[in-house]
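Right, one structure below, let's go through it.
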Amino acid sequence: QVQLVESGGGLVQVGGSLRLSCAASGRTFLYTMGWFRQAPGKEREFVSAMPWNGGRTYADSVKGRFTMSRDDAKNTVYLQMSSLKPEDSAVYYCGAGLRSGWFKATDFDSWGPGTQVTVSS
């Protein structure tokens, strides 16, 4: 399993932007990589994912505002977040999985410790 570490979180005002990074200890090219987030008192929810064989998908709540990318040569994935809203505030987690799905947290086998994103209004 790969080990993951997220970075790039912080405090930003409404309408601002942040770029999250997720660095993996091993090769990522065979993994589906995903971003999830968890707000206090809520379950971890899907944000975006990129299967190993191409394509990307987003939650409706972030579509058009967030862009996920991956650089398998650097074993790193990114989440560019724009037009941030207070409801985007959460701990953001990067996941790596070898299963067929990617919309559920249980589809992923490895997780990073998370990075906090806070959007102030």
Side-chain angles (χ1 to χ4, degrees):
Q1 291 184 349
V2 295
Q3 294 185 337
L4 307 170
V5 178
E6 304 91 341
S7 61
L11 175 64
V12 63
Q13 291 186 335
V14 169
S17 299
L18 280 175
R19 188 194 195 205
L20 305 184
S21 299
C22 171
S25 63
R27 300 297 301 275
T28 56
F29 70 100
L30 286 179
Y31 286 84
T32 291
M33 303 300 294
W35 286 98
F36 283 68
R37 64 188 182 187
Q38 189 167 16
K42 295 187 177 182
E43 293 188 354
R44 192 169 297 192
E45 67 171 0
F46 170 79
V47 174
S48 66
M50 291 185 72
W52 68 272
N53 57 352
R56 66 194 75 185
T57 185
Y58 299 95
D60 288 342
S61 59
V62 307
K63 210 171 286 185
R65 301 188 297 121
F66 290 12
T67 301
M68 182 177 178
S69 60
R70 61 189 293 169
D71 186 340
D72 291 324
K74 296 182 178 180
N75 299 317
T76 303
V77 296
Y78 306 94
L79 185 67
Q80 178 68 48
M81 306 186 295
S82 303
S83 302
L84 283 162
K85 306 174 182 180
E87 51 265 41
D88 294 319
S89 297
V91 177
Y92 282 70
Y93 296 93
C94 174
L98 293 172
R99 305 172 194 268
S100 58
W102 48 80
F103 290 112
K104 299 178 296 184
T106 51
D107 291 328
F108 293 82
D109 305 299
S110 301
W111 293 98
T115 185
Q116 177 71 49
V117 172
T118 303
V119 184
S120 64
S121 55

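As a basis for the values below, the full set of heavy atoms in this structure was taken, side chains included, without hydrogen atoms, waters or symmetry mates.
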For a side-chain hydrogen bond (donor to acceptor under 3.5 Å, both in side chains) with Arg99, tell me which candidate from Thr32, Asp107, Asp109 qualifies. Asp109
On a heavy-atom basis, which atom in Gly55 and which in Pro51 lie closest, and how many Å separate them? O-CD, 3.5 Å
For the pair Ser25 (side chain) and Gln3 (backbone), establish whether a donor and an acceptor sit closer than 3.5 Å, ignoring hydrogens and angles. yes
How close do Val47 and Leu79 get, counting heavy atoms only, and between which atoms? CG1-CD2, 4.2 Å
At what distance, to the nearest 0.5 angstrom, does CZ of Phe36 lie from CD of Glu43? 11.5 Å
Is it possible for you to say whether Trp35 and Tyr31 belong to one hydrophobic cluster, with membership spreading through side-chain heavy-atom contacts below 4.5 Å? yes
Measuring only between side-chain heavy atoms, which start at C-beta, is Ser17 closer than 4.5 Å to Gln80? yes
Judged by atom type as modelled, is there a donor-acceptor pair below 3.5 Å linking the side chain of Arg65 to the main-chain atoms of Ser83? yes
Between the main-chain N or O of Leu84 and the side-chain N or O of Asp88, is there a donor-acceptor pair closer than 3.5 Å? no
Are Phe46 and Thr57 close enough, and set up right, to give a side-chain contact (heavy atoms from CB on, under 4.5 Å), and what steps lead you there? CA-CA 10 Å; Phe46 170 79; Thr57 185; 3.6 Å; yes
My understanding is that only one of Met33, Lys63, Met68 makes a side-chain contact (heavy atoms from CB on, under 4.5 Å) with Ser48; could you say which? Met68
Geometric cation-pi criterion Arg56 and Trp102, 6.0 Å radius, 45° cone: no
Would you indicate whether Glu87, at its atom CD, is surrounded by more than 12 heavy atoms from other residues, nucleotides or ligands within a distance under 6.0 Å? yes
Between the main-chain N or O of Gly114 and the side-chain N or O of Glu6, is there a donor-acceptor pair closer than 3.5 Å? yes
Measuring from atom CG of Asn75 to atom CZ of Phe29, what distance do you get when rounded to the nearest 0.5 angstrom? 9.5 Å
Taking the six-membered ring of Tyr78 (Phe, Tyr or Trp), confirm whether the NZ or CZ of Arg19 is under 6.0 Å from its centre and within 45° of its axis. yes
Determine the minimum heavy-atom distance between Ala90 and Ala39, stating which atoms define it. CB-N, 3.9 Å
Test of understanding: clusters of I, L, V, M, F, W, Y form through side-chain heavy atoms closer than 4.5 Å, transitively. Do Tyr92 and Trp111 belong to the same one? no
Report yes or no: do Val62 and Tyr93 belong to one cluster of Ile/Leu/Val/Met/Phe/Trp/Tyr joined by side chain heavy-atom distances under 4.5 Å? no
Taking every non-hydrogen atom, the tightest pair across Ser120 and Leu11: CB-CD1, 4.2 Å
Walk me through it: do Val91 and Arg37 pass the test side-chain contact (heavy atoms from CB on, under 4.5 Å)? CA-CA 5 Å; Val91 177; Arg37 64 188 182 187; over 6 Å; no
Mark yes or no for whether Ser110, through its side chain, and Val2, through its backbone, hold a donor-acceptor pair below 3.5 Å. yes
Flag yes if Leu18 and Val14 sit in one hydrophobic cluster, no otherwise; membership is Ile, Leu, Val, Met, Phe, Trp, Tyr, and two members link when side-chain heavy atoms are under 4.5 Å apart. yes
Applying a strict under-4.5 Å side-chain criterion to I, L, V, M, F, W and Y, I'd like to know whether Tyr58 and Val119 cluster together. yes
Under the criterion side-chain contact (heavy atoms from CB on, under 4.5 Å), which of Thr76, Asp72, Val77 is the partner of Thr28? Asp72
Nearest-0.5 Å distance, CD of residue Gln116 to OG of residue Ser89: 7.5 Å
